[in-house]
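For the numbers below, each heavy atom of this structure counts, side chains included, while hydrogens, waters and symmetry mates do not. Each chain gets a letter, A, B and so on, in the order its sequence line appears, and its residues count up from 1.
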Number of protein chains: 2
Amino acid sequence: MVNRTAKGSARSPRRTDSLSRELIIQAAIEMLDSGGEKALTLRALTVRLSTGYGAIYHHVKDKGDLLARAADEVIAGVMSGAVADTDPRTALRALTLGLFDAIDAHPWVGAEFSRQPWRPALLDFYEGVGRLLDALGVPEKARFDAAGALVNYVLGVAAQNASNARLRAGSDMDRKTFLENAATRWAQADPDRYPFVHAAATQLGEHDDREQFLVGVDIFLAGISTLG
Amino acid sequence: MVNRTAKGSARSPRRTDSLSRELIIQAAIEMLDSGGEKALTLRALTVRLSTGYGAIYHHVKDKGDLLARAADEVIAGVMSGAVADTDPRTALRALTLGLFDAIDAHPWVGAEFSRQPWRPALLDFYEGVGRLLDALGVPEKARFDAAGALVNYVLGVAAQNASNARLRAGSDMDRKTFLENAATRWAQADPDRYPFVHAAATQLGEHDDREQFLVGVDIFLAGISTLG
DNA sequence: CACGGGGTTGGATCGACGCTCCATTCGTGC
DNA sequence: GCACGAATGGAGCGTCGATCCAACCCCGTG
């Protein structure tokens, strides 16, 4: 047999501090936050941690596993800080807004959860929503459908925001000018064919994502309260 | 200079019927429908159309462009068949259900729209929703927020369904057994830590995605009617 | 202290991907 | 019939995720 590693190149020294899964996930989160989803490549990760593929794959199943764990980590931080408000309505707004803000700060989390919506971190979110709906007096039969609808709404907005953030990152502009550009495009829509879109262009340029999200939650809560 | 193509291999004959963008998109849609998102590779596309990369890239900017156009094509088929119902409530349910069914039949479309929510096809959907909300008597100021919330809900459910379809495709099982498996997992959740999830496991196993989607729409409509 | 086996690490290597580039060929107006 | 732009096919490039294995370190046993 041939000695396949009989090259002159000396092997780089082995790391002194041992690698851990936590360390890898932390590094992945930082890379995702600073450079978006496409910035997380295993090659870049090996460079950042000054290690090789073997070390990483020893602690993590594959790239999907790494992404999922990173997303879980971010959400876990949010859900743990959930306040137990006395008013279920206020608590529900706070809970959903917490997830909104987290995904707004880490857009890649939104994309990841729209890909894998059954992660344990989302189970906690589901549970929180369900319990608060109970406290709100929603009958048990309707609770399941209501919780599903609300969670889907939150994830929908999250995916939307994540996508916008990606577009913004592509042509580095801030949120304000991005919205103004979109509004201009809407305003240019044919008023005969698109009366609503044309008319809504102004509001698109001025609206606040966060506030609009809360309006949506309120619409939901108002609708849910009519359920028998 | 060296003649770089002076190989012995004869060039394969040029196609007689000319390639068109429509043809390429149609082939892409069929590949996506039969094998999911990962089945659409440019290499496979060149084989299917018995052509080369150059021909494809002449008609299409890149793979993202191709995916987006394919998704637009599918949705355009749905939106064109929209019925003008007299009752705006019924029409709204029909419109949203149309999009739901389309994405249910072509899960990759859901994933694509959660990635690029500002495509012209969705502008039509937005317009339809906005106009029907107007007919429903929603005041102009609230219409923008309400339409945004509803569209986001629909896209959220769509992304969720697309993801479930992907999971099902991975371990080829039908919808029923897939739901039963998920329900079993929910039922195994700790009843003390996850009382709601544990209790909802039964409904998860028995529920119908389509009906639950419509319940969500109804919750929305009920909530919207409270807007002043 | 010797030693050896298992947990851990680094990196060469693989197959597949999107995409670029260019020689070639077709079609059409002159 | 000829010239020229549009259209085509495919070799090749750079990069990706993933695999695989020799090298390495730590620690328990004798």
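Backbone-only contact: A:Ser50 has heavy atoms under 4.0 Å from sugar-phosphate atoms and none from a base. Residue contacts for A:Leu19: at a heavy-atom cut-off of 4.0 Å it reaches the sugar-phosphate backbone alone, with no base atom in range. Residue A:Ile56 is classed as having no contact, given no heavy-atom separation below 4.0 Å to the nucleic acid. Across all strands shown, A:Leu66 has no heavy atoms under 4.0 Å from either base or sugar-phosphate atoms.
For the pair A:Lys61 NZ and D:dT19 C1', the computed distance is 14 Å after rounding to whole Å. Here C:dA16 presents its P atom at 19 Å from NZ of A:Lys63, a figure rounded to the nearest Å. A straight line from CG of B:Leu49 to P of D:dA7 spans 16 Å, rounded to a whole angstrom. Distance, B:His58 NE2 to C:dG27 C1': 13 Å, rounded to whole Å. Between B:Leu40 atom CG and C:dA16 atom P there is a gap of 17 Å when expressed in whole angstrom units. C:dG18 atom P lies 14 Å from atom CG of B:Asp65, rounded to whole Å. Look at CZ on B:Arg43: it is 14 Å from P on C:dT20, rounded to the nearest Å. Taking atom CG of residue B:Leu23 and atom C1' of nucleotide D:dT8, one finds them 14 Å apart after rounding to whole Å.
There is a side-chain donor-acceptor pair under 3.5 Å between A:His106 and A:Asp33. Between the side chains of A:Tyr194 and B:Asp124, at least one donor N or O lies within less than 3.5 Å of an accepting N or O. Using a 3.5 Å distance cut-off with no hydrogens or angles, the side chains of B:Asp174 and B:Thr177 do pair a donor with an acceptor.
Of the residues in residues 25-35 of chain A, not one places a heavy atom less than 4.0 Å from an atom of DNA chain D.
Listed candidates were D:dA11, D:dG17, C:dT9. Nearest to the side chain of B:Tyr53 is D:dA11. Comparing D:dT8, C:dT9, D:dA18 by their nearest atom to the side chain of A:His59 picks out C:dT9. Closest contact between the side chain of B:Ala55 and the listed nucleotides D:dT8, C:dC19, D:dG17 involves D:dT8. Among the nucleotides D:dA18, C:dG18, D:dT8, the one closest to any side-chain atom of B:Leu42 is C:dG18.
With DNA chain D read from its 5' end, the first of the two nearest nucleotides for A:Thr41 and A:Gly54 is the one closest to A:Thr41.
Ring orientation note: the planes of B:Tyr153 and B:Phe213 are close to parallel, at an angle under 30° on the 30°/60° scale. Using cut-offs of 30° and 60° for the angle between ring planes, the A:Tyr126 and B:Phe196 rings count as parallel.
With A:Leu99 as the fixed residue, the side-chain contact (heavy atoms from CB on, under 4.5 Å) test singles out one of A:Ile75, A:Asp104, A:Val129: A:Ile75.
Taking the side chain as every heavy atom from C-beta outward, A:Arg115 and A:Leu67 approach each other to under 4.5 Å.
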